[in-house]
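A note on names: the letters A, B, ... follow the listed sequences, proteins ahead of strands, and every chain is numbered from 1.
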Amino acid sequence: MSTRLSPIGLVVLGILVLVPAIDAVAFGNYYLMSVGTRILIMAAAAVSLNLIMGYGNMPSLAHSVFLGVGAYVVGACSYYSRATGAPWLLDGFLQLGLVLVLSAGAAAVIGAICLRTRGVYFLMTSLALGQVFYVLAAGAYQFGGDDGMALDFRSRFPVVDLANMPTRYVIAVLFLAAVIYGSKRLVDSPFGLALRATRMNPRRVLAVGNEPSRVSLLAFVVSGAVAGVAGFLLANQTDFISPSILHWTTAGDLMIAIAIGGLGTMLGPVYGTIALLTAEEVLSSTFTYWQFAFGLLIVAVARFAPSGAGELLRRVRLRRA
Amino acid sequence: MPEIALETRHLDKSFGGVDATRDVTLAVERGSIHALVGPNGAGKTTLLHQLAGTVTPDRGAVLFEGEDITRLGAAARVRRGIARTFQITALCNQLTALEHVLLAVQRKRGVSFKLWSRALAPGDDVERALACLDRVGLRGRAGQVPDELSYGEQRQLELAIALGCEPSLLLLDEPLAGVGHAEARMLIELVRTFRGGLTTILIEHDMEAVFALADTVSVLHEGRLIASGHPDAIAADAAVREAYLGDDSDA
């Protein structure tokens, strides 16, 4: 576990983020920007999951739920705005407020139940609770049930137009930056210290007068709310909602990304997500059994860099020094 | 204000048929240093757990400042002013000594749930934490993680964390075990300064330290309190001699 925010890591990330922008502006090629927006939003979701999984020892498969809540708020507002003709439902700030309240609320309930268990039991409890929400979304026929639905309207903000793809890309970049900065602040805060201590030794936290479960629950709620906003952005990016976002595999993919990049590191989840989703994008279009190649990649990471690829880079640097 | 800081009434605790605590009734005077002694397996640590709230007695009551705290959880007791150290150190492997004490200081100051300020920002919290480390002689080791500390230093850190809670009652479970000779003397002097202010309950095998420090010595044997009184009286007590001679593996 590390709370360090590597300057080199940030610079490289900055350069990576510029690539789709340059491709779009200089060559009129918008493909990377479209894919990149989704990747950056998922990276932010991975950072939020890492906050509880890496720094708080809460491997939650219910993280899909909060992404789903964010996406379905956009979808529901779009649907009911069309049905009732009420334009105020499309107000982005109203929707964001709803997203925060509902995802934090869902996280409080799910977290309170899951936190009665630890480790692999926590994982299984979060899986079970998460799938309940998946089934609910799949049964919501007015929102297309299993198939999901295309949005009639995106969220509306003053000045900023989410129908514009470069605008969405800039927002995704800013969102990821804010989430990285926020998680750094949180991990370094007195609360972050208590959270890390809870992960390492709950008895110690108890012995200074804090309830470990309360510390964990607050982190779970904060993390869930951030994932909610990520879901909100994701729906606006894809212009589409589907129950698949609530399926546990969404959180599972984020976990794989975190494991590849480095659990409990500040930037590992970001790089892990970029690597995972880029590989998926490239491999799935060229190779039918791309998941096989992907499996090999995961085995390689587990064999050569069990603490994530960031660890590998650190070792290379140490050997040179 | 009552003269008695802590009281137990007829405490019983058994683990699967083994009686670890049997009918223990004890009163600890405010500001005194009260030593719990007895052979291994006498139930000293189990008794301490029941005072700290990490073990719930089967029967009986624990009273702190005249209030029944028998059903109060461990964290709530710390918030009331009861801090403890662990016999087997309970530290966090990746936190520095300073961060350990900060955990206690920031809980005490009510800022443990602040999400946006920096825990290690220079200021009152860090000053207080460093002062606690200084009192136990660890100021120079503030940046070290537990693995980099000797076993004795880890014990000193345990004490510093407990002091960071700013307790009115301190429960020390063998604070001198494994501590070097010079450090032990320093810690004995430190505990001596608690007298009159901070009530201290001390489990310790180092009899020299116990007799140098304690105002009152209570002797446990097979879970039962067999004697309690002034150190000189205890040293002369026949029942105590028998308990120790009967099990000389420890004394």
Classify the ring geometry of Phe113(B) against Phe191(A): parallel below 30°, tilted from 30° to 60°, perpendicular beyond 60°.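 Correct class here is tilted.
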Quick check: do [X] and [Y] have side-chain heavy atoms less than 4.5 Å from each other?
X	Y	result
Arg204(A)	Ile161(B)	yes
Gln94(B)	Met200(A)	yes
Asn201(A)	Leu95(B)	no

Once you round to the nearest 0.5 Å, how far does [atom1] of [X] lie from [atom2] of [Y]?
X	Y	atom1	atom2	value
Ser183(A)	Leu115(B)	OG	CG	12.0 Å
Leu193(A)	His100(B)	CG	NE2	9.0 Å
Thr89(B)	Arg203(A)	OG1	CZ	8.5 Å

So for Ala104(B), is it side chain, backbone, both, or neither that comes closer than 4.5 Å to the heavy atoms of chain A?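 Ala104(B) touches chain A through backbone and side-chain heavy atoms alike.
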Counting only non-hydrogen atoms closer than 4.5 Å, does Glu99(B) touch chain A with its backbone (N, CA, C, O), its side chain (CB onward), both, or neither?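 Both parts, heavy atoms under 4.5 Å.
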Flag if over 12 foreign heavy atoms under 6.0 Å of NZ, Lys114(B):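 No, NZ of Lys114(B) has 12 or fewer neighbouring heavy atoms, counting only those of other groups under 6.0 Å.
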Step through the shown structure and confirm whether more than 12 heavy atoms of other residues, nucleotides or ligands are within 6.0 Å of OH on Tyr121(A).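 No, not enclosed.
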Closest-packed option against chain A by number of heavy-atom pairs under 4.5 Å, given Val111(B), Leu103(B), Thr54(B), Leu120(B):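 Of the options given, most contacts go to Leu103(B).
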Given the options Leu91(B), Asp125(B), Thr85(B), which has more heavy-atom pairs under 4.5 Å with chain A than any of the others?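 Most pairs with chain A among the choices: Leu91(B).
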At a heavy-atom separation under 4.5 Å, does Leu218(A) approach chain B through its side chain, its backbone, both, or neither?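 Just the side chain, heavy atoms under 4.5 Å.
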Heavy-atom pairs under 4.5 Å with chain B - which of [options] has more of them than the others?
options	result
Ala207(A), Gly192(A), Ala194(A), Pro212(A)	Ala207(A)
Asp188(A), Asn210(A), Val215(A)	Asn210(A)
Arg199(A), Glu211(A), Arg196(A)	Glu211(A)

For Ser117(B) and Pro190(A), which heavy atoms make the closest approach, and how far apart are they?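 Closest approach of Ser117(B) to Pro190(A), heavy atoms only: O-CD, 3.2 Å.
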